[in-house]
Amino acid sequence: MKCKLLLIIGFLFCLAFTAKATHQRAAEITYTWKGGNAYEFTLTTYNVPNAAWEQRDSLFMDWGDGNSGYIPRIYWTNMGDDCIKNIYRQTHTYSTSGTYVVSMEDANRNYGVINVPNSVMVPMHIETELIINPFLGYNNSVQLLNAPVDKGCVGKLFLHNPSAYDPDGDSLSYKLVYCKGQDGMEIPGYTYPQASQTFEIDPLTGELRWDAPVMQGEYNVAFMIEEWRHGVKIGSVVRDMQILISHCNNDLPQI
C-alpha cells in the first residue's frame, strides 16, 4: 500500500512540475558591445506554447562575474508548428577585463526528445563565452540568421546551416558539443542522433550534415561557434537546436 501511495505522490509531483515547465525546444545567447565594458545580451528561446510560457516574461541569467538576475522578455512571436520564439534582452557592465561565461538554465525541455533521456525533466542550459581583452579590441558576438528549429525526413540527407556571421569580421569555426542540463553538466545518457552513415558539422562552413536519420521523432543537438581574431580566440556561442524528423518524401533539390 505504501508503494502505491509513493507512486501516486511521485506521479502527481511530475504532473505539477511539468505543468509549470516551459518546454524549451532551442536557445542561444548573443551580445553586442555598447561601450567600455558594457554589453547588451540577447537571449533567444524557442518553446512549446503553454500556460507556463505565458508567465515566462523574464528568465534568470548568470553573467559569469558573480552577478546574476532576471532579464525581461521584450518580444515574442508564434512561428507555427507548436513553436513560440521569445526575445529577452538586457545590458550588463563588467568591472574589468577577463573571460566570462554567461549562461541561462531553465526547466525544462519538451517531452519526448529521442536522444535526451526523460527530456521533460531535463533543464535547458546554454552558455556564451565573452572575452574582454583590451589588446584585441571590443567584440560583438556572432549572429545567427536561421532559426534553430528545423525539419527532416527519415532516410533522407538532412542539412542545416545557422547562417552565422560576425559583425566584426572575425573568423569563425564550428564544432559539435553535447547538450547540457542541470548545473551546466552534460546530460546523462545523451547521445548524438543515430545516423545510417554520418552525423557531423563542417568546422569551416557550419553546415550540419545528418546522413541520414533512421527513426522519426524530435532530437536536440548543440554546437559551438568560436570567434578568432589574429589567431586568438575572442569568444564563443553555443546553440542548442531541435530537429523534427518525420516520414516524408522530400528530396534535396538538384543543383
Side-chain angles (χ1 to χ4, degrees), residues 26-46 61-65 85 87-94 96-104 124-150 157-180 184 186 192-193 195 198-211 220-243 252 255:
E28 74 221 14
I29 301 169
T30 57
Y31 57 83
T32 57
W33 178 66
K34 304 303 288 185
N37 288 339
Y39 291 81
E40 182 181 73
F41 289 86
T42 299
L43 165 64
T44 308
T45 69
Y46 299 76
M61 186 90 87
D62 188 323
W63 302 113
D65 61 352
K85 176 182 179 181
I87 302 292
Y88 301 81
R89 185 170 292 155
Q90 186 163 300
T91 298
H92 182 73
T93 302
Y94 293 89
T96 185
S97 58
T99 300
Y100 303 97
V101 177
V102 182
S103 63
M104 185 282 300
M124 168 79 71
H125 182 101
I126 52 168
E127 299 176 351
T128 285
E129 184 181 42
L130 166 65
I131 299 175
I132 303 178
N133 185 337
F135 297 102
L136 293 175
Y138 68 85
N139 185 48
N140 297 283
S141 77
V142 63
Q143 302 294 316
L144 299 89
L145 301 182
N146 282 343
V149 179
D150 206 346
L157 175 64
F158 171 84
L159 299 174
H160 173 88
N161 196 299
S163 289
Y165 79 94
D166 190 278
D168 307 316
D170 297 320
S171 299
L172 302 177
S173 64
Y174 304 79
K175 63 181 180 182
L176 290 171
V177 296
Y178 275 16
C179 293
K180 292 185 175 183
E186 293 180 357
Y192 291 132
T198 58
F199 180 81
E200 59 190 3
I201 193 168
D202 189 299
L204 299 179
T205 68
E207 181 178 76
L208 184 66
R209 183 183 181 91
W210 185 358
D211 188 14
N220 268 79
V221 301
F223 54 87
M224 177 182 291
I225 307 174
E226 297 175 297
E227 298 175 76
W228 304 87
R229 185 177 297 177
H230 309 306
V232 179
K233 183 179 176 181
I234 197 170
S236 66
V237 170
V238 172
R239 163 176 273 191
D240 193 317
M241 70 171 291
Q242 188 167 89
I243 307 171
L252 290 174
I255 301 177

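Heads up: numbering here begins at 1 and tracks the sequence. Scope of the values below: all heavy atoms of this structure, side chains included, with no hydrogens, waters or symmetry mates.
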* To do: Check the pair K180 / I126 against side chain to side chain contact (heavy atoms under 4.5 Å, CB included), numbers first and verdict last.
  => CA-CA 7 Å; K180 292 185 175 183; I126 52 168; over 6 Å; no
* For E227 and S141, run side chain to side chain contact (heavy atoms under 4.5 Å, CB included): C-alpha distance rounded to whole Å, both residues' side-chain angles, the deciding distance at 0.1 Å, then the answer. => CA-CA 8 Å; E227 298 175 76; S141 77; 4.2 Å; yes
* Criterion side chain to side chain contact (heavy atoms under 4.5 Å, CB included) on M241 and H160, from CA distance to verdict -> CA-CA 11 Å; M241 70 171 291; H160 173 88; 3.8 Å; yes
* To do: Quick one: do Y39 and T32 satisfy side chain to side chain contact (heavy atoms under 4.5 Å, CB included)? Show the steps, please.
  => CA-CA 6 Å; Y39 291 81; T32 57; over 6 Å; no
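The ring pair (Phe, Tyr, Trp, His ring centres under 6.0 Å) check on F41 picks up Y31, W63, with sequence neighbours excluded. The ring pair (Phe, Tyr, Trp, His ring centres under 6.0 Å) check on Y178 picks up Y190, Y192, with sequence neighbours excluded.
Here the CZ atom belonging to F223 is positioned 12.5 Å from the OG atom belonging to S236, to the nearest 0.5 angstrom. In this structure, CG in D168 is found 11.5 Å from CG in L136, a value given to the nearest 0.5 Å. Atom CE of M61 and atom NE2 of H92 lie 10.5 Å apart (nearest 0.5 Å). Note that CD1 of I87 is 8.0 Å distant from CG of L43, once rounded to the nearest 0.5 Å. I201 contributes atom CD1, which lies 5.5 Å from atom CG of L208 (distance to the nearest 0.5 angstrom). To the nearest 0.5 Å, atom CD of residue E28 and atom OG1 of residue T42 are 9.5 Å apart.
For Y138, the OH atom is loosely surrounded, since the number of other residues' heavy atoms within 6.0 Å does not exceed 12. Within a 6.0 Å sphere centred on NZ of K233, heavy atoms belonging to other residues, nucleotides or ligands number more than 12.
When atom types are taken as modelled, the side chain of T205 and the backbone of E207 share a donor-acceptor pair closer than 3.5 angstrom. Between the side chain of D62 and the backbone N or O of V102 there is no donor-acceptor pair closer than 3.5 Å. A donor-acceptor distance shorter than 3.5 angstrom exists from the side chain of D166 to the backbone of D170, with no hydrogens or angles considered. Here the side chain of N140 pairs a donor or acceptor atom with the backbone of W33 at under 3.5 angstrom. Between the side chain of S97 and the backbone N or O of P134 there is no donor-acceptor pair closer than 3.5 Å.
Between F199 and V221, the closest side-chain pair of non-hydrogen atoms falls below 4.5 Å. Side chains of T96 and Y94 form no contact here, defined as non-hydrogen atoms less than 4.5 Å apart. Using a 4.5 Å heavy-atom threshold, the side chains of L157 and R209 count as touching. The shortest side-chain heavy-atom distance between Y88 and T45 falls under the 4.5 Å cut-off. A 4.5 Å side-chain heavy-atom check between I243 and W210 finds at least one atom pair inside the cut-off. At least one side-chain heavy atom of D150 sits less than 4.5 Å from a side-chain heavy atom of F158. Contact check for V238 versus V177: side-chain heavy atoms found under the 4.5 Å cut-off. Under the 4.5 Å side-chain criterion, counting only non-hydrogen atoms from C-beta, D202 is not in contact with N161.
Judged by distance alone, the side chains of R229 and N133 never bring a donor and an acceptor atom under 3.5 Å apart. Using a 3.5 Å distance cut-off with no hydrogens or angles, the side chains of N220 and D240 do pair a donor with an acceptor. Residues E127 and H125 have side chains that bring a donor and an acceptor to within less than 3.5 angstrom of each other.
Closest of all the heavy-atom pairs between L176 and E200 is CD1-CA, 4.0 Å. For A195 against D211, the heavy-atom pair with the smallest separation is CB-O, 4.0 Å. Summarising the geometry of S173 relative to W228, their closest heavy-atom pair is OG-NE1, 2.9 Å, with the distance given to 0.1 Å. The two atoms that bring V142 and T30 nearest to each other are O-CG2, 3.4 Å, heavy atoms only. P162 approaches R239 most closely through the heavy-atom pair CB-NH1, 3.8 Å.
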